[in-house]
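Here's the structure, in structure tokens; my notes come after.
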Amino acid sequence: MNRTDGFQLFVCEPVEKVEAGGLNGGGPLKVTTKHHPAREYDAVVLTTPTWATQMNLDLRFPPNAVSTKVMHSMRSSHWINSCKVFFPLKRRFWDGSGFPSVVLTDTFIQDVYIYAADKNDPGVLLASYTWEDNAMKMLGFDSDVILAQSCLRKLDEIFERSMITDTDDKPIRISDYVDPRHEPIVVQWAKKPSYAGCAKLYRRNNESENNDLLTFNREHKACRLYFAGEAYSLEGGWIEPATRTALDAVLHIIHDHGGVLAQGLDIGDYERLTDTSYLTGMNLPRRGE
Ligand SMILES: Cc1cc2nc3c(=O)[nH]c(=O)nc-3n(C[C@H](O)[C@H](O)[C@H](O)COP(=O)(O)OP(=O)(O)OC[C@H]3O[C@@H](n4cnc5c(N)ncnc54)[C@H](O)[C@@H]3O)c2cc1C
């Protein structure tokens, strides 16, 4: 909630800076976006992927408001890449053929998906869906078109060897079905500045860093900054843990700002149920130690 102008919703608006209020970070937070000067807010929920945050967002908080441990944990979290290569089709190659909607290969194209919205839709081919190491192999191509053509060639080769036939019993050559009027679409999450990766995964010895982010909302109440989403949860790559930290942020904001939780919900019970302080006694190793 903007303190001076009432409720305002900005969408598709890159945030450039979030600043602590006052020297000790206890005042209203200042948020500066690409097209708007700094405005003051009672609370800010940060949902940006941590690597994108490091690259594009200036977080200015004194160490007594957001500890250096937490800042370090954001920077050193482990993200992987993913790549998808799509081709719009001029007609479907799978009608009536019992063709599987997902094909897994042991080639560099990894997974193949087909999809059509309804019976009139010519369909779309996800010629390659890769992640982690396999997605790294997709980064070195000079252009998206060269990468996409390379995936299509590999798919034709796989189909030729598999001797999969269409309803007229003719061998299927996937490239014959691709709509030449449209460019292929390639999505590389590592190349998107506002993501810088597709999923946050565990890395050996980063339990402490993960825990610093997971427990931030309960341990940094005074700074009015809250974390929500996959980047601050565990088991990255899935919506469920992202949703859990979103609920965690909402519960803490309501509680910290004097709100009343729904009947039957008690912040004390919630914090006891989700307590991970026992991990502190275990002296979990930190990366680099
Ligand atoms: C290829 C792929 C496949 C997946 N498959 C599945 C699946 O099958 N099942 C499943 O449960 N989950 C899946 N996921 C994971 C799921 O998409 C994520 O867990 C979920 O989207 C996380 O939501 P979030 O709100 O935390 O973050 P995001 O959805 O990543 O949202 C973060 C937002 O922050 C924005 N942002 C970044 N920097 C700034 C800035 N400076 N200013 C303003 N905005 C900014 C970004 O543009 C983005 O919109 C998949 C993810 C990927 C990438």
Side-chain angles (χ1 to χ4, degrees), residues 2 8-19 29-39 41 43-61 66 71 73-75 77-86 101-102 104 109-115 124-139 144 147 151 184-202 210 213-214 216-217 225-250 252-253:
N2 183 294
Q8 288 191 329
L9 192 62
F10 297 99
V11 289
C12 301
E13 178 65 21
V15 177
E16 294 187 330
K17 189 164 39 164
V18 182
E19 273 174 284
L29 302 174
K30 279 194 208 140
V31 177
T32 310
T33 67
K34 190 169 182 185
H35 303 105
H36 296 279
R39 286 161 193 256
Y41 293 84
V44 170
V45 183
L46 193 69
T47 67
T48 49
T50 48
W51 282 7
T53 308
Q54 179 181 15
M55 306 299 281
N56 299 315
L57 214 166
D58 189 3
L59 281 185
R60 290 209 191 159
F61 285 81
V66 179
M71 289 295 198
S73 300
M74 290 179 72
R75 290 191 293 267
S77 53
H78 174 51
W79 288 77
I80 60 163
N81 181 27
S82 179
C83 175
K84 287 185 178 175
V85 179
F86 294 94
S101 57
V102 184
L104 310 186
I109 60 177
Q110 197 171 326
D111 290 8
V112 181
Y113 288 69
I114 50 176
Y115 178 75
V124 65
L125 168 71
L126 174 47
S128 168
Y129 175 16
T130 55
W131 54 87
E132 211 162 0
D133 290 356
N134 278 338
M136 294 288 287
K137 300 171 194 167
M138 305 300 200
L139 283 167
D144 285 353
L147 164 62
C151 294
I185 294 165
V186 174
V187 185
Q188 296 264 17
W189 272 264
K191 288 187 176 178
K192 287 177 164 287
S194 63
Y195 289 87
C198 84
K200 191 184 112 172
L201 297 194
Y202 293 113
N210 283 336
L213 303 181
L214 190 68
F216 179 84
N217 293 341
L225 179 70
Y226 296 84
F227 292 166
E230 173 178 337
Y232 310 94
S233 69
L234 304 182
E235 313 105 17
W238 301 106
I239 285 172
E240 193 261 339
T243 312
R244 259 191 282 138
T245 47
L247 289 172
D248 183 86
V250 170
H252 280 100
I253 291 174

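By convention here, the first residue in the shown sequence is residue 1. Computed from heavy atoms alone, side chains included, the values below leave out hydrogens, waters and symmetry copies. As the structure lists them, so they are numbered: ligands from 1, and atoms in each ligand from 1.
In this structure Ser82 satisfies the side chain to side chain donor-acceptor pair (under 3.5 Å) test with no other residue, sequence neighbours excluded. Shown here are the salt bridge (Lys or Arg N to Asp or Glu O under 4.0 Å) partners of Asp111, two or more places apart in sequence or in another chain: there are none. Listed by chain and residue number, Glu19 satisfy the salt bridge (Lys or Arg N to Asp or Glu O under 4.0 Å) test with Lys17 (two or more places apart in sequence, or in another chain).
Judged by distance alone, the side chains of Trp238 and Ser233 never bring a donor and an acceptor atom under 3.5 Å apart.
Contact residues for ligand 1 (protein heavy atom closer than 4.0 angstrom to any ligand atom): Glu13, Pro14, Val15, Thr47, Thr48, Pro49, Leu57, Ser82, Lys84, Tyr129, Trp189, Ser194, Tyr195, Cys198, Gly229, Glu230, Gly237, Trp238, Ile239, Ala242.
Residues Ser128 and Ile109 approach most closely at OG-O, 3.1 Å, considering heavy atoms.
Aromatic pair Phe10/His36: ring centres closer than 6.0 Å.
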